[in-house]
Amino acid sequence: MLKTCQIYADLEKEAKLPLPPAAQVQTAFKKSGETVPTPAARREEILQNPHFGSHFTDHMALAQWSAKNGWHERQIVPFGPFSLSPAASVLHYGQEIFEGIKAYAHPDGSVWTFRPGYNAARLRQSARRLMMPEISNEDFLGSLVTLVRTDRQWVPTAVSAALYLRPFMVATEPFLGVRSATEYTYCVIASPAGPYFEDEGAGVSIYVTQSFHRAFPGGTGAAKCGGNYAGSLLPQVEAAQKGYQQVCFLDASGRYLEELGGMNVFVVYEDGHVETPRLTGTILAGGTRSSIITLLRGNGREVTECDIALQTLLERIRTGQVTEVFACGTAAVVAPIGKLGGADFVVEVPQGSLTKQVHDELTGIQFGLRPDTHGWLYRLC
Ligand SMILES: *Cc1c(COP(=O)(O)O)cnc(C)c1O
């Protein structure tokens, strides 16, 4: 059995492997089928105000895997429904994994993505946990490069907007026995994205659930799989009914902070040091989390990955030792947390300047406005 710490160590290591340039991966996915493109006026209207995840570009990338042939049928096809047997195992046992990564338009018109090697490595890590086939860096990048080049006109140029890419894989074999499927479809769809939270001005309100858990030791918390999200919907409704925007999960002991349904968390202290929950196997290792740790440490700040007890955190917010709490992920980037509530507590979290500083430094690199000193950017077109 792989040890938890080994899984995460492999992820950071794999994420640093050199990537094949776009010129080398641009031919594998072949265009097929006739597209009826969205009228330019309608596209422009969407790009002016894209919201999050509700509009899709004209194409998608597809590849098939079978035990016999491995990965084959790499294609770029018109965006649209695909046919699936009602017996497809994803519909019954949930073999589904996904990624989230963005394409950013730079001021000179070129289009880039951010640390795709990290997402490719994490997709393989998720695949290993869910007993699904792994996808190579070549195929992962080939799908992104070709799709973004095909739908280039869909990359928003508005401030802070980007093209959100959603690579995912599902088990398609029609078979009802419980075992790993022998056929899979990999697909990438793209959606122009504006801010994830329509109003995060005063900070996002977070309900710390003590009734539900997202993950547990030995479970799938470290894999980006659909099932983790299905399980987070009821706690999300619990939070919404109490007037909160998002849920924060505790570890299985109910003592330590883990993460939100789709974002990692950071705590900033009065003396300038920063903490984030350590990766224990029950937390999803965010690429944004990893990048923020590197950026903060690069600025000479002390960042500790540790156990953060909820009771200690609440006390330190009340005494003023904690000056900021923020959440981060590809979709929402960096969002200040303004309020933490639970079954028997509510605390207002102060707003400070580090959250905005981290946000600006990270997005500055992503949008080509600040130097990319870590070599995190990858040119798509
Ligand atoms: C995707 C995700 C994150 C954030 O990961 P990024 O790589 O930063 O986008 C955090 N937590 C969960 C549960 C996630 O699914």
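Ligands are counted one by one from 1 in listed order, and the atoms in each one are counted from 1 as well.
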Completion exercise
Rounded to the nearest 0.5 Å, the OH atom of Tyr93 sits from the CZ atom of Phe175 at a distance of 8.0 Å
Practice task
Please name all residues satisfying side chain to side chain donor-acceptor pair (under 3.5 Å) with Gln75, sequence neighbours left out, ordered by chain then number.
Solution key: Ser32
For ligand 1, what N or O to protein N or O distances fall under 3.5 Å?
from, atom 1, to, atom 2, distance (Å)
ligand 1, 5 (O), Arg122, NH1, 3.4
ligand 1, 7 (O), Arg122, NH1, 2.8
ligand 1, 7 (O), Arg122, NH2, 3.1
ligand 1, 7 (O), Gly287, N, 2.7
ligand 1, 8 (O), Gly287, N, 3.3
ligand 1, 8 (O), Thr288, N, 3.0
ligand 1, 8 (O), Thr288, OG1, 2.6
ligand 1, 9 (O), Thr330, N, 2.9
ligand 1, 9 (O), Thr330, OG1, 2.6
ligand 1, 11 (N), Glu259, OE1, 2.5
ligand 1, 11 (N), Met263, N, 3.4
ligand 1, 15 (O), Lys224, NZ, 2.6
ligand 1, 15 (O), Tyr229, OH, 2.3

Exercise for the section: Can you label the angle between the Phe52 ring and the Tyr164 ring as parallel, tilted or perpendicular, going by 30° and 60°? Expected result: perpendicular
Exercise for the section: Check salt bridge (charged side-chain N to carboxylate O under 4.0 Å, His left out) between Arg124 and all other residues, then give those that pass, not counting sequence neighbours. Expected result: Glu14
Handout entry: Under 4.5 Å side-chain linkage, directly or through intermediates, the cluster mates of Phe82
Key = Phe56, Met60, Leu62, Val77, Phe79, Leu84, Val90, Leu91, Phe98, Phe168, Val170, Ile189, Tyr229
Handout entry: Pair Asn299, Glu361: side-chain N/O donor-acceptor within cut-off below 3.5 Å
Key = yes
